[in-house]
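Reviewing the structure listed below.
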Amino acid sequence: MNGNSTGNGNGNVGGLSNAEWELIRRYHRNEPAENQCTSRLVKRIKAPVPLVWSLVRRFDQPQRYKPFVSRCVLKGNLEIGTLREVDVKSGLPATTSTERLELLDDDNHILSMRIVGGDHRLKNYSSIISLHPEIIDGRPGTLVIESFVVDVPEGNTKDETCYFVEALIKCNLKSLADVSERLAVQDRTEPLDRI
């Protein structure tokens, strides 16, 4: 791995279809600097896009599917530029993170955020998550693509940094799939109230 990898959220690298590469080219344009790494992960979820989006778009409630978030306090209304203060569960090399909402596109199902502070080593971290409709096992499903770019901390390599961040994202995407698929089985889509 050279700091630029593409995984599918299940640990595999590469193997993406032309359609998936086109979605990455269209929505996930990360231009890493020399001291940064970037990667993209893909996850298929057996739940329709509106249901998955109802969880992802809640910038004010990441703990609904992100297992490492214990608490989140939104500073202001849910709009571009809004900050959230996130408390991280023990076991990670961090306790807090301050994050800014960069993009919330309900029509195209895209959310982008940037970490702007906190007690961790993820400096200049930004991510984009996009959701795309897909048929999975003959039913409406969701293709989730999440990409990031982050500084490589002093004393670490690009490979080590990407591996760590990818591991966190894989956990988040697995949890997103678990929660979404459980709600889909219950036929419960969370309301899309426009806070």
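Note that the numbering runs from 1 along the sequence shown for the chain.
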Tell me which donor-acceptor pairs under 3.5 Å the side chains of residues 134-144 have, and how far apart each pair is, sequence neighbours excluded?
from   : atom 1 : to    : atom 2 : distance (Å)
Glu134 : OE1    : Arg44 : NE     : 2.8
Asp137 : OD2    : Lys46 : NZ     : 3.0
Thr142 : OG1    : Ala47 : O      : 2.7
Thr142 : OG1    : Val49 : N      : 3.1

For this session: Step by step, work out the side-chain contact (heavy atoms from CB on, under 4.5 Å) result for Lys89 and Val69.
Result: CA-CA 6 Å; Lys89 291 183 179 176; Val69 175; over 6 Å; no

Exercise. Which residue pairs pass the salt bridge (charged side-chain N to carboxylate O under 4.0 Å, His left out) test with at least one member in residues 28-39, sequence neighbours excluded?
Worked result: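 Qualifying pairs: none.
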
Side chains of [X] and [Y], heavy atoms from C-beta outward: is any pair under 4.5 Å?
X      : Y      : answer
Leu103 : Leu111 : no
Tyr65  : Val56  : yes
Ile129 : Leu131 : yes
Val185 : Arg182 : no
Ser126 : Met113 : no
Asp105 : Asn108 : yes
Ile145 : Tyr27  : no
Cys72  : Gln61  : no

For this session: Scan Gln63, Arg64, Arg58 and name whichever one has a side chain to side chain donor-acceptor pair (under 3.5 Å) with Asp60.
Result: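 Considering Gln63, Arg64, Arg58, a side chain to side chain donor-acceptor pair (under 3.5 Å) with Asp60 is found only for Arg58.
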
Exercise. Between Thr157 and Val152, does a side-chain contact (heavy atoms from CB on, under 4.5 Å) hold up when you go through it step by step?
Worked result: CA-CA 7 Å; Thr157 66; Val152 175; 5.7 Å; no

Would you tabulate the side-chain donor-acceptor contacts of residues 78-88 under 3.5 Å, counting partners in other chains and residues two or more places apart, or write 'none'?
from  : atom 1 : to    : atom 2 : distance (Å)
Thr82 : OG1    : Asn77 : O      : 2.3
Thr82 : OG1    : Glu79 : N      : 3.1
Thr82 : OG1    : Glu79 : O      : 2.7
Arg84 : NE     : Glu99 : OE1    : 2.6
Arg84 : NH1    : Phe59 : O      : 2.7
Arg84 : NH2    : Glu99 : OE1    : 2.7
Glu85 : OE1    : Thr98 : OG1    : 2.9
Glu85 : OE2    : Thr98 : OG1    : 3.1
Asp87 : OD2    : Arg71 : NH1    : 2.9

Problem set entry | Carboxylate-amine/guanidinium proximity below 4.0 Å for Asp178 and Lys174 |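 Here Asp178 pairs with Lys174 in a salt bridge, since their nearest N and O are under 4.0 Å apart.
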
For this session: Give the cluster check for Val149 versus Leu168: same hydrophobic cluster or not, with ILVMFWY residues linked at side-chain heavy-atom distances below 4.5 Å.
Result: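 In one cluster with Val149: Leu168, no.
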
Problem set entry | Inter-residue atom distance Leu51.CG - Ser180.OG, 0.5 Å rounding |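 The CG atom of Leu51 sits 5.5 Å away from the OG atom of Ser180.
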
Exercise. Do the two ring centres, one from His120 and one from Tyr125, sit under 6.0 Å apart?
Worked result: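 So the answer is no for these two rings.
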
Exercise. Where do Arg121 and Asn156 land on the side chain to side chain donor-acceptor pair (under 3.5 Å) test, with the steps shown first?
Worked result: CA-CA 11 Å; Arg121 299 182 70 197; Asn156 290 95; 3.0 Å; yes

